[in-house]
Amino acid sequence: MSSNHPPSPYADNGGRPRQYDVEPWRKWAYYGGGALQVLGVLAFLSVFFTIALSFGFMGHNPAMISAHVQRGFIMFPVAIVGIFMINGGKMLRDVGRKGLAGSGIILSPQGEARDAEAWNRSKGAQDQHRLEEVPALSGLGAARGDAEPQIRVRCRACGYLETEDAAFCSGCGARM
């Protein structure tokens, strides 16, 4: 390879190690938020399920009808708590997916870019893969004569074609 070839964009990361996956606390927040949402939906629906179930046991006694409807209204705050649990779970999942800066809790553009690094790397690798599959674009740089052909190395883990100087695969993040 010639010395005038530009360095790979994957060679340096500003002194930080590459991040190919989200931090464990973000995974816990994401899945915990999902569990909180499920519990909120169950709490919300339990009130209506209790009222609907009570109609089957009422019979024709007016006193029983009043007692079962009253029990449903006593459980109404459980539905309100369920709504708060659903919204809290959604916010927790948002923090888990986007990170503290990406979700707007911490106002930091650098932090937002760092939090989104794993997704941006994945999107870039997918776009590069799509472009490599287009036959019309495959020889475009070489046809103009201003681009040197690049040597590509196939990743052993996922089969992605990576530049020869890459330390990690852009497709799956495995060490090359």
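Only a predicted model underlies this, so the values are computations on that prediction, with no experimental measurement involved.
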Restricting to side-chain contact (heavy atoms from CB on, under 4.5 Å), what partner residues turn up for [X], sequence neighbours left out?
| X | value |
| --- | --- |
| Leu100 | Trp25, Val95, Ile105, Ile106 |
| Ile83 | Phe44, Asn87 |
| Leu39 | Met85 |

Problem - Exceeds 12 heavy-atom contacts within 6.0 angstrom, atom CZ of Arg152 - result: yes
Working to the nearest 0.5 angstrom, can you tell me the gap between [X] [atom1] and [Y] [atom2]?
| X | Y | atom1 | atom2 | result |
| --- | --- | --- | --- | --- |
| Lys98 | Tyr30 | NZ | OH | 11.5 Å |
| Cys172 | Glu162 | SG | CD | 9.5 Å |
| Arg156 | Cys169 | CZ | SG | 11.0 Å |
| Leu161 | Arg154 | CG | CZ | 4.0 Å |

Completion exercise
Sorted by chain and number, sequence neighbours left out, side chain to side chain donor-acceptor pair (under 3.5 Å) with Arg97 holds for none
Practice task
Output the rest of the hydrophobic cluster of Trp28: all Ile, Leu, Val, Met, Phe, Trp and Tyr residues reachable through side-chain heavy-atom contacts under 4.5 Å, sorted by chain and number.
Solution key: none
Exercise for the section: Please write out which residues are connected to Val38 in a hydrophobic cluster, directly or through intermediates, given that two of Ile, Leu, Val, Met, Phe, Trp, Tyr count as joined at side-chain heavy-atom separations below 4.5 angstrom. Expected result: Leu42
Heavy-atom closest contact ([X] atom, [Y] atom, distance):
| X | Y | result |
| --- | --- | --- |
| Val47 | Ala79 | CG2-N, 3.7 Å |
| Ser103 | Asp94 | CB-OD2, 3.8 Å |
| Gly32 | Leu92 | C-CD2, 4.1 Å |

Handout entry: ILVMFWY network linking Phe76 to Leu45, side-chain heavy atoms under 4.5 angstrom
Key = no
Practice task
Identify whether Val81 and Ile86 are in the same connected component of the hydrophobic contact network (ILVMFWY, side-chain heavy atoms under 4.5 Å).
Solution key: no
Practice task
Report yes if some heavy atom in the side chain of Ser170 is under 4.5 Å from a heavy atom in the side chain of Tyr160; otherwise report no.
Solution key: yes
